[in-house]
Amino acid sequence: MNQYKLKKSSFVTVLISILLVLSVLRFFSTIFMLTYEEMRSSLVIAFLITYGIVSLACIVLLIRMHRSRLLFNDNGIIYTPPFGAVRNLSYNDLQKLSIGGRSYVLYTIDGKKLVTFDDFRTENASEIVAFLKLKGVKTEI
């Protein structure tokens, strides 16, 4: 059985993880500073809010990068969005695969962009494109 997994690998995940750890540490150190400081300045509170927002943004990005994937097999497509329920699609639900250099965009039948991938961050992009062509998905340059 042919099965291809489209999951982007990126060094950005490591950078976001490091940024998350640093922002969480700064967030808790700012809370610690607020408990021992008699005069609570607006600058310390602004830092607290900023580190909290950065921490939440990093957590959302990491969940998005970890969860989102597309699995192609002989029976159909299993799409796992970053948030929400898993969708099962057939190859008839795909309108076209747009090819632009070394990047690819897969569109659903209603014209919405399903996924964008490229040769640089996706290790098996050329195999996926060949498999989609084999399954009858129209390609457009």
Check your understanding: Are Tyr51 and Leu25 co-members of a hydrophobic cluster defined by side-chain heavy atoms under 4.5 Å apart?
Key -> no
**Study point:** Taking every non-hydrogen atom, the tightest pair across Ser98 and Tyr107
**Key:** CB-CE1, 3.8 Å
Check your understanding: When rounded to the nearest 0.5 angstrom, what is the spacing between CD in Gln95 and CG in Leu106?
Key -> 10.0 Å
Check your understanding: Would Ile53 and Val21 show up in the same hydrophobic cluster when neighbours are defined by side-chain heavy atoms closer than 4.5 Å?
Key -> no
Review point. Does the pair Val105 and Leu97 meet the rule for a side chain to side chain contact (heavy atoms under 4.5 Å, CB included), with working shown?
Key: CA-CA 6 Å; Val105 181; Leu97 176 68; over 6 Å; no
Practice item. Enumerate the residue pairs fulfilling salt bridge (charged side-chain N to carboxylate O under 4.0 Å, His left out) with a member in residues 82-99, sequence neighbours excluded, ordered by first and then second residue. Key: Lys96-Glu140
Exercise for review: Please identify each residue that fulfils side chain to side chain contact (heavy atoms under 4.5 Å, CB included) with Thr108, with sequence neighbours left out.
Suggested key: Asp110, Lys112, Leu114
Point to revise | Single-linkage hydrophobic cluster, 4.5 Å side-chain cutoff, Ile45 and Leu56 together | key: no
**Study point:** Shortest non-hydrogen contact between Asn73 and Ile78, atoms and distance
**Key:** ND2-CD1, 4.3 Å
Point to revise | side chain to side chain contact (heavy atoms under 4.5 Å, CB included) against Leu22, all qualifying residues, sequence neighbours excluded | key: Ile18
Review point. Rounded to the nearest 0.5 Å, what separation is found between the CD1 atom of Ile59 and the OG atom of Ser23?
Key: 7.5 Å
Point to revise | Tyr79: partners by ring-ring contact (aromatic ring centres under 6.0 Å, His included), with sequence neighbours left out | key: none
Check your understanding: So how far is it from Asn75 CG to Ser90 OG, rounded to the nearest 0.5 Å?
Key -> 11.0 Å
Review point. Taking a hydrophobic cluster as the set of Ile, Leu, Val, Met, Phe, Trp and Tyr residues connected by side-chain heavy atoms closer than 4.5 Å, whether directly or through intermediates, do Ile63 and Leu61 fall within one such cluster?
Key: yes
Point to revise | CG-CG distance between Leu89 and Leu71, expressed to the nearest 0.5 angstrom | key: 11.5 Å
Point to revise | Tyr91: side chain to side chain contact (heavy atoms under 4.5 Å, CB included) partners, not counting sequence neighbours | key: Phe72, Ile77, Leu94, Phe131, Leu132, Lys135, Val137
Study note, to complete from the structure: Hits for side chain to side chain contact (heavy atoms under 4.5 Å, CB included) against Leu62, two or more places apart or cross-chain, chain-then-number order -> Thr13, Ile16, Ser17, Leu20
